[in-house]
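Please read the structure below before turning to the comments.
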Amino acid sequence: MNNATLHLDAKAELAEGPVWNPVTKTLSWVDIERGELHVGDRRFELGVKIGVAVPCRNGNFLLGTQNGFEFFDPVTETRTPIADPEADLPENRMNDGKCDAAGRFWCGSLSMTRKVGTAAFYVLDSDLSVRKVLGNLTNSNGLGWSPDGRTLYHIDTPRLEVSAFDFDLDSATISNRRLAIKFPDGIGRPDGMSVDAEGMLWIAHWSGGCIGRWNPLTGKMIDTVQLPVARVSSCTFGGDDLQTLFITTARHGLSGDELLLQPLAGGIFSYRTDVPGLAANFFSLRG
């Protein structure tokens, strides 16, 4: 059996959005509920719910928060607003997001009250313009690209599905939506994910206690990594060879009795894989 090991006993409320920076050789992640950004051994209290933070090429971070998109400067510890495409939806916040090979930021929102169909998926371009690319979502979650960059995978958690789209890097458009994976009952719900060099999807099973390795061409789960906690939220490949899978988990929503049985809930875990992952892309600001 494949078992993850504890990397950091963080006791995060809701750890999410792990990113490995190959330049600084640091792992960053967010604690959504506590409004924290963790970069290596540093912790920044942002005072706002933050779904994701991705590195920028200038050393800053691009955030997806309950206020939309913002820049964060870790030197001055200041946030700069960019745009809030859902300013008229105060019960929504930004959730998971990643940058494509051209340095654009793809990020979706979720309804904090689980209101069906009110969330969406956006792309923030390098000129800071924002465009909605997909609507009628409830919890826009994990995403990633195939190794050749021609397919975008996207999760809307309540649907228990992973959708695949044809992806055009030049025009930043998606098309030809189709079902890649359907989660059966009893294995948790699909949350964050990462793609490996063979094109397989490593998906966090929220309330399922594992990371599943899925083949998006067959829709089948081909391997699992077990964790000693139920609420597994996301994962990313890191380390010098991109063969360490870093896994975020949560304590959020667990009862006192459940926490007694899961003392490592909210920890950051790791697992050595046989196949490397794909390096994260940085946000690139035009001009």
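- Between the side chain of Gln66 and the backbone N or O of Lys49 there is at least one donor-acceptor pair closer than 3.5 Å.
- In the model, Asp100 has no side-chain atom that pairs as donor or acceptor with a side-chain atom of Asn281 under 3.5 Å.
- Considering only heavy atoms from C-beta on, Val39 comes within 4.5 Å of Phe61 through its side chain.
- Side chains of Asn141 and Asp191: a donor on one and an acceptor on the other come within 3.5 Å.
- You'll find the side chain of Asp223 stays beyond 4.5 Å of the side chain of Trp202, heavy atoms only.
- In plain terms, the two heavy atoms of Asp170 and Arg104 that are nearest each other are O-NH2, 3.3 Å.
- Here the closest heavy-atom approach between residue Leu46 and residue Ile50 is recorded as CD1-CD1, 3.6 Å.
- Contact detail for Leu254 and Ala265: the closest heavy-atom pair is CD1-CB, 3.9 Å.
- Using a distance-only test at 3.5 Å, with no hydrogens or angles considered, a donor-acceptor pair links the side chain of Asp31 to the main chain of Leu14.
- Expressed to the nearest 0.5 Å, how far OG of Ser140 lies from CG of Asp96 amounts to 7.5 Å.
- For the pair Met112 and Asn95, the minimum side-chain heavy-atom distance is 4.5 Å or more.
- Judged purely by atom type and a 3.5 angstrom limit, Thr138 uses its side chain to pair as donor or acceptor with the backbone of Gly117.
- A donor-acceptor contact shorter than 3.5 Å links the side chain of Ser146 to the backbone of Thr151.
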Evaluate side chain to side chain contact (heavy atoms under 4.5 Å, CB included) for Met193 paired with Ile155, printing each intermediate quantity in order. CA-CA 9 Å; Met193 71 172 170; Ile155 291 170; 4.1 Å; yes

List the steps, then state whether ring-ring contact (aromatic ring centres under 6.0 Å, His included) holds for Phe246 with Trp29. CA-CA 10 Å; Phe246 292 104; Trp29 52 276; over 10 Å; no

So Arg114 and Glu91, salt bridge (charged side-chain N to carboxylate O under 4.0 Å, His left out) or not? Walk me through it. CA-CA 9 Å; Arg114 296 185 175 88; Glu91 294 178 339; over 6 Å; no

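- You'll find the side chain of Thr244 stays beyond 4.5 Å of the side chain of Thr273, heavy atoms only.
- In summary, the side chains of Thr248 and Ser233 do present a donor paired with an acceptor at a separation below 3.5 Å, with no hydrogens or angles considered.
- Looking at residues two or more places apart in sequence or on another chain, you find no ring pair (Phe, Tyr, Trp, His ring centres under 6.0 Å) involving Trp206.
- Using a 4.5 Å cut-off between side-chain heavy atoms of Ile, Leu, Val, Met, Phe, Trp and Tyr, with links allowed through other members, Phe69 and Leu285 fall into the same hydrophobic cluster.
- Among residues two or more places apart in sequence or in another chain, the side chain to side chain donor-acceptor pair (under 3.5 Å) test is passed with Glu86 by Asn92, Ser109, Tyr122.
- Side chains of Val130 and Val123 form no contact here, defined as non-hydrogen atoms less than 4.5 Å apart.
- Other residues, nucleotides and ligands contribute more than 12 heavy atoms inside 6.0 Å of the NZ atom of Lys182.
- For the residue pair Glu70 / Thr65, a side-chain donor-acceptor distance below 3.5 Å is found, with atom types taken as modelled.
- Residues Leu227 and Leu6 fall within the same hydrophobic cluster, defined by Ile, Leu, Val, Met, Phe, Trp and Tyr side chains chained together at heavy-atom separations under 4.5 Å.
- Counting only distance, with no hydrogens or angles, the side chain of Thr236 and the backbone of Val19 share no donor-acceptor pair below 3.5 Å.
- Looking at heavy atoms from C-beta onward, Phe71 lies in side-chain contact with Phe283 at the 4.5 angstrom threshold.
- The environment of CD in Glu77 is crowded: more than 12 heavy-atom neighbours from other residues, nucleotides or ligands sit within 6.0 Å.
- A side chain to side chain contact (heavy atoms under 4.5 Å, CB included) with Val162 holds for exactly one of Leu143, Ile181, Asp156, Leu179; it is Ile181.
- Under a 3.5 Å cut-off, the side chain of Lys25 and the backbone N or O of Asp240 do not form any donor-acceptor pair.
- The backbone N or O of Gly199 sits less than 3.5 Å from a side-chain atom of Asp196, completing a donor-acceptor pair.
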Is there a side chain to side chain donor-acceptor pair (under 3.5 Å) between Ser255 and Asp257? Walk through the geometry before answering. CA-CA 5 Å; Ser255 68; Asp257 288 342; 5.3 Å; no

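- Tyr153 and Ile203 fall within a single hydrophobic cluster, where Ile, Leu, Val, Met, Phe, Trp and Tyr side chains are chained together by heavy-atom contacts under 4.5 Å.
- Counting heavy atoms of neighbouring residues, nucleotides and ligands inside a 6.0 Å radius, atom CG of Asp41 does not exceed 12 of them.
- Using a 4.0 Å cut-off between charged side-chain N and carboxylate O, Lys11 and Asp9 make a salt bridge.
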Should Phe44 and Phe72 be marked as a side chain to side chain contact (heavy atoms under 4.5 Å, CB included) after you check the CA-CA gap, both sets of side-chain angles, and the distance that decides it? CA-CA 10 Å; Phe44 301 97; Phe72 176 71; 3.7 Å; yes

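- With hydrogens and angles disregarded, no donor-acceptor distance shorter than 3.5 Å links the side chain of Asp73 to the backbone of Thr78.
- Phe183 has its ring centre less than 6.0 Å from the ring centre of His205.
- The main-chain N or O of Ala172 is found under 3.5 Å from a side-chain atom of Arg131 such that the two form a donor-acceptor pair.
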Using the rule given for side chain to side chain contact (heavy atoms under 4.5 Å, CB included), can you reason through Trp214 versus Ile222, listing the C-alpha separation, both sets of side-chain angles and the distance that settles it, and then say yes or no? CA-CA 6 Å; Trp214 293 78; Ile222 54 179; over 6 Å; no

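- At a threshold of 4.5 Å between non-hydrogen side-chain atoms, the residues Cys210 and Val225 do not count as touching.
- One hydrophobic cluster, built from ILVMFWY side chains closer than 4.5 Å, cannot hold both Leu259 and Ile32; they sit in different ones.
- Ring centroids of Trp145 and Phe165 are separated by 6.0 Å or more, keeping the two rings apart.
- At a threshold of 4.0 Å, the pair Arg251-Glu33 does not count as salt-bridged, since none of the basic side-chain nitrogens sits closer than that to a carboxylate oxygen.
- Under the 4.0 Å criterion applied to side-chain N and carboxylate O atoms, Arg177 and Asp166 are not assigned as salt-bridge partners.
- Across all non-hydrogen atoms, the minimal contact from Pro158 to Asn139 is CD-CB, 3.6 Å.
- Residue-environment remark: CG (Asp127) exceeds the threshold of 12 foreign heavy atoms within 6.0 Å.
- Relative orientation of the His154 and Phe121 rings is tilted, given thresholds of 30° and 60° on the angle between their planes.
- Leu128 and Phe282 fall into different hydrophobic clusters, where Ile, Leu, Val, Met, Phe, Trp and Tyr residues are linked whenever their side-chain heavy atoms come under 4.5 Å apart, directly or through other members.
- Within the 4.5 Å cutoff, no side-chain heavy atoms of Val30 are placed close to those of Val52.
- Contact record, Gly97 with Val54: O-CG1, 3.9 Å, taken as the closest heavy-atom pair.
- Within a 6.0 Å radius of CZ in Arg272, other residues, nucleotides and ligands contribute more than 12 heavy atoms.
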Take Leu160 and Arg189 through the test side chain to side chain contact (heavy atoms under 4.5 Å, CB included) and record every step on the way to the result. CA-CA 6 Å; Leu160 302 180; Arg189 292 177 288 161; 3.5 Å; yes

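- With values rounded to the nearest 0.5 angstrom, Arg213 atom CZ is found 12.5 Å from Met221 atom CE.
- Nearest heavy-atom pair, Phe167 versus Leu152, reported as atom, atom and distance to 0.1 Å: CB-N, 4.0 Å.
- Counting only distance, with no hydrogens or angles, the side chain of Arg93 and the backbone of Gly51 share no donor-acceptor pair below 3.5 Å.
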